[in-house]
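Excluded from the calculations below are hydrogen atoms, water molecules and symmetry mates; all remaining heavy atoms, backbone and side chain alike, are included. Quantities reported herein were computed from a predicted structural model and do not represent experimental measurements.
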Amino acid sequence: MKHIDAPAWAPTAVPLPNCGAAGRPAARGSPTRLFPGLALACVTLATVTAQAGSLDAAAERYRPLMAEEIDRSLTGARALRDALLANDLEGAQQAWIAARVGWERAEVFTSGFTELDAEIDAWPNAVTGFHAIEAKLFGARRMDVQPETDALIFHLTDLRVKIRDTRLTAQGLLNGAAKLVYEVGESKADCGESRFSGTSFDDMRNNVDGVEAVFRIVFAAEIEGRDPKLADALRTKIDQLQTLLRVPALGRLDSNKLRAESEELIVAFQTAAPLIGLDRLSLRDLVQR
């Protein structure tokens with residue numbers, strides 16, 4: 001990953017005497033009258049605070065889609081259990097694939113639930129969750145995955161309950177989007193995540209679709225208002241990733257180009273962060289799950 005690590009920018013809440021509400025000029029003889037730069041700092045701090053509030057309100061508009069994707073995954077997992085009880089291998093495989101769609105689109109935020117993410121989507125050394133089931137169901141064509149499926153349903157249900165009351169923040173969603181783009185470009189592009197089922201390509205497509213949704217719902221308007229060219233560049237870069245992933249098979253994917261495009265998109269996210277009052281992710285932040 002090139003040219004990604006950069007000094008983090010973060011607004012610092014420094015006490016500013018006599019700033020007044022929303023950074024209005026202070027009375028004669030106050031510190032901000034004597035030191036005009038302090039008045040500018042008041043206005044800047046008020047602007048950053050307003051940006052954060054606006055973005056967090058936009059983040060809340062993402063909640064219905066977030067819940068919908070987890071519900072989609074849970075519905076697929078329950079269909080998987082039903083197919084196992086009916087001794088229907090093909091039906092079980094199709095239900096597993098359907099359950100993956102919602103999960104992969106939701107990975108913009110699910111990585112924030114570290115313990116549940118490990119239980120649901122551990123990879124490559126999976127003893128539980130999607131990939132433990134996949135290895136038996138697709139790799140060995142075995143159907144003795146009832147305990148793993150019951151556990152998957154339990155953890156997805158737990159996640160669905162938790163996200164109802166989870167506070168959504170723009171910072172968390174921006175971090176999740178950048179991390180997911182990094183994951184697609186750096187680890188999934190080389191060999192794929194779901195090799196037994198042959199759905200690695202679908203995983204990546206759904207990941208990028210999830211990134212596009214959170215950008216459009218939460219960030220696009222705010223960035224557009226401050227830097228229309230940057231907003232257009234972000235839309236273009238997301239579209240380029242989606243286009244690269246429209247080839248018919250993983251073997252025909254230009255992984256080097258996908259990696260380069262993902263790096264450029266991450267840099268664009270990093271550029272946008274301080275512009276809208278958010279912290280800028282470093283390379284260390286990106287590689288942590």
Side-chain angles (χ1 to χ4, degrees), residues 1-11 22-23 43-66 68-69 104-109 111-112 167-186 189 204-246 257-283 285-286:
M1 184 66 69
K2 301 177 182 177
H3 308 300
I4 291 178
D5 201 5
W9 180 96
V43 174
T44 301
L45 182 59
T47 301
V48 168
T49 302
Q51 286 176 343
S54 174
L55 280 171
D56 283 350
E60 192 57 40
R61 292 198 295 271
Y62 179 70
R63 188 181 298 277
L65 180 59
M66 177 178 73
E68 180 183 328
E69 299 297 3
E104 293 299 308
R105 288 181 180 174
E107 276 200 294
V108 168
F109 67 88
S111 61
R167 179 173 175 265
L168 295 180
T169 66
Q171 186 70 65
L173 291 175
L174 183 68
N175 292 359
K179 288 180 180 181
L180 192 54
V181 171
Y182 177 89
E183 192 175 308
V184 168
E186 291 300 312
M204 289 188 283
R205 290 187 184 109
N206 289 318
N207 285 162
V208 177
D209 286 349
V211 170
E212 187 280 330
V214 80
F215 170 74
R216 170 172 39 83
I217 294 170
V218 181
F219 300 107
E222 194 77 19
I223 298 171
E224 179 80 31
R226 284 160 175 75
D227 190 338
K229 289 184 178 180
L230 179 58
D232 286 342
L234 279 158
R235 290 188 190 96
T236 298
K237 292 178 188 303
I238 292 171
D239 183 66
Q240 286 171 337
L241 281 181
Q242 291 175 317
T243 299
L244 280 170
L245 293 169
R246 289 191 188 114
K257 189 170 183 180
L258 181 67
R259 183 174 293 107
E261 293 287 354
S262 71
E263 289 176 1
E264 290 182 10
L265 178 55
I266 292 167
V267 171
F269 277 136
Q270 288 181 316
T271 301
L275 184 69
I276 56 177
L278 299 179
D279 292 348
R280 182 176 181 172
L281 270 74
S282 68
L283 180 58
D285 296 324
L286 291 170

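- Look at Glu186 and Arg259 and you find a salt bridge, because one of the NZ, NE, NH1 or NH2 atoms lies within 4.0 Å of a carboxylate O, short of that distance.
- Taking 4.0 Å as the cut-off between side-chain N and carboxylate O, Asp232 and Lys229 do not count as a salt-bridged pair.
- The nearest pair of heavy atoms linking Ala170 to Ala59 is N-CB, 3.9 Å.
- With a 4.5 Å cut-off on side-chain heavy atoms, Tyr62 and Val108 count as touching.
- With sequence neighbours excluded, no residue satisfies side-chain hydrogen bond (donor to acceptor under 3.5 Å, both in side chains) with Gln240.
- Residues Leu174 and Ala273 come closest through the heavy atom pair CD2-CB, 3.8 Å.
- For the atom pair Leu230 CG and Arg235 CZ, the distance stands at 10.0 Å (nearest 0.5 Å).
- Applying the side-chain hydrogen bond (donor to acceptor under 3.5 Å, both in side chains) rule to Asn207 yields the partners Glu104, Glu107, Lys188; only residues at least two apart in sequence or on another chain are considered.
- Rounding to the nearest 0.5 Å gives a distance of 4.5 Å between CD of Gln171 and CG of Asp279.
- No salt bridge links Glu68 with Arg105; every basic N to acidic carboxylate O contact stays at or beyond 4.0 Å.
- Atoms CG and CG, from Asp239 and Leu244 in turn, are 10.0 Å apart once rounded to the nearest 0.5 Å.
- Using a 4.0 Å cut-off between charged side-chain N and carboxylate O, Glu183 and Lys179 make no salt bridge.
- Taking the side-chain hydrogen bond (donor to acceptor under 3.5 Å, both in side chains) definition, one finds that Glu212 meets it with Arg216, sequence neighbours left out.
- The only member of Leu241, Val208, Val184, Thr236 that meets side-chain contact (heavy atoms from CB on, under 4.5 Å) when paired with Leu265 is Leu241.
- With contacts defined as side-chain heavy-atom distances shorter than 4.5 Å, the pair Phe269/Leu281 does not qualify.
- For the residue pair Val218 and Ala58, the shortest heavy atom distance occurs at O-CB, 3.5 Å.
- Closest of all the heavy-atom pairs between Gln270 and Arg280 is CB-NE, 3.4 Å.
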Exercise for review: Evaluate the criterion side chain to side chain contact (heavy atoms under 4.5 Å, CB included) for residue pair Ile223 and Leu234; output intermediate values, then yes/no.
Suggested key: CA-CA 10 Å; Ile223 298 171; Leu234 279 158; 3.7 Å; yes
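- Taking CG of Asp209 as the start and CE of Met204 as the end, the distance is 12.5 Å to the nearest 0.5 Å.
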Exercise for review: Decide side chain to side chain contact (heavy atoms under 4.5 Å, CB included) for Leu258 and Leu245; before the verdict, give the C-alpha distance in whole Å, the side-chain angles of both, and the deciding distance to 0.1 Å.
Suggested key: CA-CA 8 Å; Leu258 181 67; Leu245 293 169; 4.3 Å; yes
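- Distance CD1/Ile276 to CG/Asp227: 11.0 Å, rounded to 0.5 Å.
- Closest approach of Ser54 to Glu222, counting heavy atoms only: OG-OE1, 3.3 Å.
- What you find for Ala231 and Ala220 is that their closest heavy atoms are CB-O, 4.4 Å.
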